Amino acid sequence: MADAKVKKECDPADAAVIESRIKELCIQFPQGITDQVIQNDMPQLEPTQRAMVINKLLSVGQLDLLRNSSGLLYRMKDAQSASKMKGSDNQEKLVYQIIEDAGNKGIWTRDMRFKSNLPLTEVNKILKNLESKKLIKAVKSVAASKKKVYMLYNVQPDRSVTGGAWYSDQDFESEFVEVLNQQCFKFLQSKAEVARDSKQSPMIQRNSSFATSHEVWKYICELGISKVDLSMEDIETILNTLIYDGKVEMTIIAAKEGTVGSVDGQMKLFRGVNPIIQPTGLVKTPCGLCPVFDECHEGGEISPSRCIYMTEWLNF
Amino acid sequence: MTAQEARLCGLLLREHFGEVVEKIGTHLLRSGAQNLRTIVNESGTPIDLVKKSLCVLMKHGACRFSIGRKGPGSPVEYQASCERILGILRYPRYIYTAKTLYSDTGELIIEELLQRGHMTMSSIVKMVADRLTHNMEEGRSIEYNEVVSTFSKLVETHFLQRCPPVSEVVPPVSTAPTVPGAPAAPVSTGPPTPESFSDCYLVPSVSLAGRGKRRRSGEDAVLDQGTTKKAKTDLQTHGDEGIYWQVNFERFHLHFRDQTIISAVASKLDQTSSEIVRTMLRMSEVTTTPSASCTQALSANEVFRSLPANYSISRPVLDQYLTLLVDDPMEFVGKTGDSGGGMYVVNLHKALTNLARATLESVVQEKFGSRSARIFRLLLRKRHLEQKQVEDFAMIPAKEAKDMLYTLMSENLVLLQELPKTPDHAPSRTFYLYTVNQLATARMLLQHCYKTVANLIDRRLFQTKESKRLLEKSQRIEAIMASLQASGAEPEQLTEVEEMISTPEKQQLESLRHHINKLDSAENQVDETIFLLKSYVASTARITR
């Protein structure tokens with residue numbers, strides 16, 4: 001009889017009071033409340049009742065269920081996202097949450113399956129649904145062209161996915177890099193020429209032919225040939241390719257912290273240089289450039305006496 | 001000695017000395033040291049021809065003899081020197097250098113010596129004087145003393161040296177040909193270098209008085225025979241019998257190396273820096289051993305005093321130039337101390353390494369394009385890189401970068417280094433790193449150069465053979481013309497003879513001459529590459545020994 005009486009006491013009015021009390025508690029503790037907190041506040045509340053109320057709040061979408069090291073946490077969900085999820089069911093909510101957690105790197109469908117434990121077909125359906133609602137978007141990864149990662153609609157994809165300034169739509173922009181390459185080289189070369197013509201003492205000549213990476217960056221920005229904003233590191237990668245082309249050399253000098261363009265107390269200086277030798281003698285002959293050099297021997301099908309490359313070269 | 005080198009040596013010997021010498025020479029190169037009987041039996045040539053060929057080779061320094069390996073009683077063994085024979089390729093460069101340094105007289109001296117191998121000073125002087133007089137106008141002739149002075153200058157700067165006197169190794173009964181001028185000397189165990197003798201660069205005092213004789217065209221035939229006979233049985237002694245001179249190739253090679261370094265400095269920095277480096281190299285010519293990796297230390301004061309007079313730069317400016325040279329990434333010049341205003345050395349080994357590296361890069365650039373060259377330079381700088389890193393650093397799209405790397409690998413310019421993560425070397429768990437080995441690549445390119453030169457010579461001989469008939473006809477016509485002109489014929493006869501060659505034939509002759517010249521100059525250009533790569537390989541071998 002006592003049991004029945006206890007049960008009768010949980011009527012809808014009570015439930016509403018308990019709900020609002022829990023919601024207030026949530027607002028009071030924005031980082032989340034545990035079962036313990038609810039127990040302390042309403043000691044007369046039975047666990048079953050508490051669970052029922054919390055479940056109701058969860059299903060309506062006003063509470064967030066989280067887990068931390070000490071147990072379960074309940075947190076108030078903010079009104080906006082609550083309205084978004086109206087009409088979606090639990091599975092969609094789960095998927096959405098996982099994508100949100102992935103931040104700006106996005107998550108792949110296979111990883112999604114592992115995390116949500118949902119079958120593939122379900123996952124695909126949900127993803128399509130969310131995409132049509134414009135809550136998430138698919139971004140093609142630049143590393144593997146067939147892979148698609150999903151992230152929230154308003155999140156900027158991370159550099160590692162899109163490849164940074166040099167990629168546009170997953171295509172490496174070779175012409176853009178080439179143009180930048182040539183512009184940087186021309187800038188450095190003209191600076192070196194001006195320095196050489198100034199006929200001052202050699203030390204000053206050399207120092208004035210140097211350009212810091214910051215100067216080159218400013219020059220490129222002012223040229224305005226780039227649609228994308230380029231950072232100083234981007235310009236430095238371009239200047240490094242010029243070094244590998246053998247047209248430019250680099251030195252590092254110590255600079256005071258705070259001078260423009262210094263990174264960690266150092267500044268990189270670049271200078272256009274001339275090559276130290278002319279193209280070598282071997283490449284001035286047809287044999288030096290011959291594609292079938294290894295198959296050529298006297299008396300064979302390909303031989304010096306009958307070489308067509310030599311004939312062409314001699315008649316030039 | 002590789003197959004390519006052997007082929008090239010054979011071609012050079014055939015061109016300069018004929019087929020018999022080529023046969024014996026290549027046989028010796030291929031089989032190492034052998035005694036006379038073995039050579040005769042294995043090559044199948046009569047013994048007197050073998051003896052003559054060995055004489056020719058020895059006179060030019062391409063072959064040397066030593067005690068048999070079985071002990072003092074065994075017959076003498078002969079060994080051919082591949083390097084010396086390959087040096088024949090470089091003769092035009094030696095002659096040209098002598099011309100720039102010592103003008104026509106020096107050029108002729110070197111040319112005569114290169115042609116004849118070993119000669120006494122008096123015979124060289126007479127021959128050169130005669131040649132010079134022949135080229136001058138009527139009524140002028142050249143004094144022997146002028147030639148002697150140029151000769152002495154060449155000896156002073158060590159471009160010429162005495163042939164080393166050979167020890168009395170064999171009893172006079174043996175069939176070994178004796179090298180001319182062999183005074184009794186203690187038996188030496190190895191081949192004596194010319195420089196181990198103290199008189200190496202001592203000019204003998206000769207009594208040479210007279211002027212060059214001009215050859216009259218009418219008495220040409222008679223006089224020719226006369227002069228050659230005279231050369232053999234020259235009764236006039238000049239006091240330097242038995243002292244034979246040869247060209248000091250090592251010295252020329254040092255000179256070439258210095259020239260290359262100076263021109264590299266000039267193109268990288270500027271003219272004044274190259275003049276400073278030239279001064280430094282000139283000052284250390286005689287103090288530095290040929291195999292050193294850097295010159296002797298020179299103080300800035302000495303350099304300042306020794307600068308050429310027309311380069312009047314002030315002392316602080318000189319110091320600045322030296323500092324710039326030291327700071328340059330190419331490291332041509334290094335600073336070893338601070339006494340005397342700063343002690344500076346020229347880093348010969350580093351300079352050669354950089355020049356060899358530039359050569360490799362230029363070959364890759366010309367053969368495969370500038371993007372492949374970018375990858376090659378990147379790998380030279382960073383040593384070991386993964387596929388992805390190569391793409392990122394070089395800023396080349398992945399597909400193209402892969403393609404270029406595989407092409408370079410198929411030519412053995414780029415190597416793949418595997419780094420396994422697990423003991424079972426599973427491909428999915430291994431790092432694959434691309435790398436370039438500069439020394440091995442330089443050696444490989446050196447062999448390519450030898451093959452290229454052999455190809456060029458082959459082609460030249462082939463083209464000459466094809467047009468043999470035409471060349472013979474033109475030679476006959478020229479001979480007829482010359483004799484007609486000498487005997488004073490009328491102009492109609494001359495034109496009649498000229499018309500015996502038709503115009504297309506003339507064009508053919510012209511184009512043939514053009515082709516032969518082009519092939520010749522190409523050989524010289526490839527020889528420059530050969531010299532650079534060989535110096536680099538030799539210098540690295542010395543350093544790592």
Side-chain angles (χ1 to χ4, degrees), chain A residues 142-143 166-167 171-174 176-178 180-181 196 201-207 237-238 240-247 249-251 273-291 293-294 296-299 303-307 310-311 313-316, chain B residues 7 260 263-265 267-268 270 272-273 316-317 320-321 323-324 327 329-330 354-355 358-359 361-363 365-367 370 373-375 377-378 381 392-398 400 445 448-449 451-452 454-456 458-459 462-463 511 514-515 518-519 522 524-530 532:
Chain A
V142 69
W166 311 121
Y167 289 83
D171 269 329
F172 186 75
E173 290 219 336
S174 308
F176 180 46
V177 169
E178 269 306 306
L180 275 179
N181 200 322
R196 220 175 302 146
S201 86
M203 201 58 122
I204 301 184
Q205 253 182 35
R206 189 187 84 128
N207 287 343
T237 45
I238 295 277
N240 280 340
T241 62
L242 277 172
I243 296 179
Y244 305 136
D245 274 336
K247 296 185 185 152
E249 68 181 15
M250 174 184 84
T251 42
V273 291
N274 299 322
I276 63 170
I277 59 167
Q278 302 298 318
T280 184
L282 177 61
V283 299
K284 294 187 187 156
T285 65
C287 292
L289 312 174
C290 179
F293 184 69
D294 291 324
C296 167
H297 45 264
E298 201 42 49
S303 75
S305 335
R306 290 151 49 152
C307 177
M310 279 229 202
T311 320
W313 174 68
L314 286 172
N315 291 332
F316 188 61
Chain B
R7 175 179 165 217
T260 328
S263 62
V265 174
S267 53
K268 178 97 197 292
D270 63 357
T272 322
S273 313
V317 176
Q320 281 188 7
Y321 271 113
T323 321
L324 282 179
D327 281 337
M330 285 281 148
N354 285 328
L355 286 167
T359 312
E361 289 168 7
S362 96
V363 171
Q365 178 149 353
E366 299 292 326
K367 201 162 176 184
S370 41
R374 198 192 284 180
I375 294 181
R377 282 196 197 98
L378 172 65
R381 259 181 189 259
D392 286 338
F393 280 123
M395 307 219 76
I396 298 180
E400 295 176 32
L445 272 184
H448 280 308
C449 288
K451 185 170 177 187
T452 307
N455 284 349
L456 289 169
D458 261 335
R459 179 67 184 230
F462 173 73
Q463 295 224 275
S511 78
H514 172 69
H515 290 180
K518 203 163 185 178
L519 288 165
N524 291 335
Q525 284 168 343
V526 181
D527 179 63
E528 284 176 22
T529 315
I530 290 179
L532 197 54

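Lettering of chains follows the sequences in order, A, B, ..., and the numbering in each one begins at 1. A quick note: this is a predicted structure, and the numbers were derived from the prediction, not measured. The analysis underlying the following values was restricted to heavy atoms, covering all of them including side chains, and did not include hydrogens, waters or symmetry mates.
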Next on the checklist: I need the Q278(A) CD to Q525(B) CD distance, nearest 0.5 Å.
Outcome noted: 11.5 Å
Checklist entry - Roughly how far apart are T280(A) OG1 and E361(B) CD, rounded to 0.5 Å? => result 12.0 Å
Any donor-acceptor pair under 3.5 Å from [X] side chain to [Y] backbone:
X: R459(B); Y: C307(A); answer: yes
X: S267(B); Y: I277(A); answer: no
X: K451(B); Y: C296(A); answer: yes

Please give me the minimum heavy-atom distance between [X] and [Y], naming the atom from each residue.
X: I276(A); Y: L355(B); result: CD1-CD2, 4.0 Å
X: W313(A); Y: K518(B); result: O-NZ, 2.8 Å
X: P304(A); Y: N455(B); result: CG-OD1, 3.2 Å
X: M395(B); Y: I238(A); result: SD-CD1, 4.1 Å

Side chain, backbone, both or neither: which part of [X] has a non-hydrogen atom closer than 4.5 Å to chain A?
X: T452(B); result: both
X: L324(B); result: side chain
X: I396(B); result: backbone

Checklist entry - Less than 4.5 Å apart, any side-chain heavy atom of R7(B) and any of H297(A)? => result no
Next on the checklist: I'd like to check R377(B) versus I243(A) (side-chain heavy atoms, cut-off strictly below 4.5 Å). Are they in contact?
Outcome noted: no
Proximal component of [X], with respect to chain B [non-hydrogen, under 4.5 Å]:
X: D245(A); result: both
X: R306(A); result: backbone
X: C290(A); result: backbone
X: P286(A); result: neither

Item to check | Salt-bridge criterion met for E528(B) and K284(A) (N-O under 4.0 Å) | outcome: no
Item to check | E178(A) bridged to R374(B) by N-O distance under 4.0 Å | outcome: yes
Checklist outcome for this item: Residues passing the side chain to side chain donor-acceptor pair (under 3.5 Å) test with E366(B), sequence neighbours excluded, are none
Checklist entry - Can you list the residues that meet the side chain to side chain donor-acceptor pair (under 3.5 Å) rule with E298(A), with sequence neighbours excluded? => result S305(A)
Checklist outcome for this item: With chain B, the option among N181(A), N315(A), L314(A), N274(A) that has the most non-hydrogen atom pairs under 4.5 Å is L314(A)
Checklist entry - Between V273(A), T251(A), T285(A), N240(A), which has the largest tally of heavy atom pairs under 4.5 Å with chain B? => result T285(A)
Checklist entry - Would K367(B) and V283(A) count as a side-chain contact (heavy atoms from CB on, under 4.5 Å) if you check the C-alpha gap in whole Å, the side-chain angles of each, and the deciding distance to 0.1 Å? => result CA-CA 8 Å; K367(B) 201 162 176 184; V283(A) 299; over 6 Å; no
Next on the checklist: Looking only at heavy atoms and a cut-off of under 4.5 Å, which of P397(B), A522(B), A394(B), S273(B) has the most pairs with chain A?
Outcome noted: P397(B)
Checklist entry - Do you know which of L445(B), T323(B), L519(B) has the most heavy-atom pairs under 4.5 Å to chain A? => result L519(B)
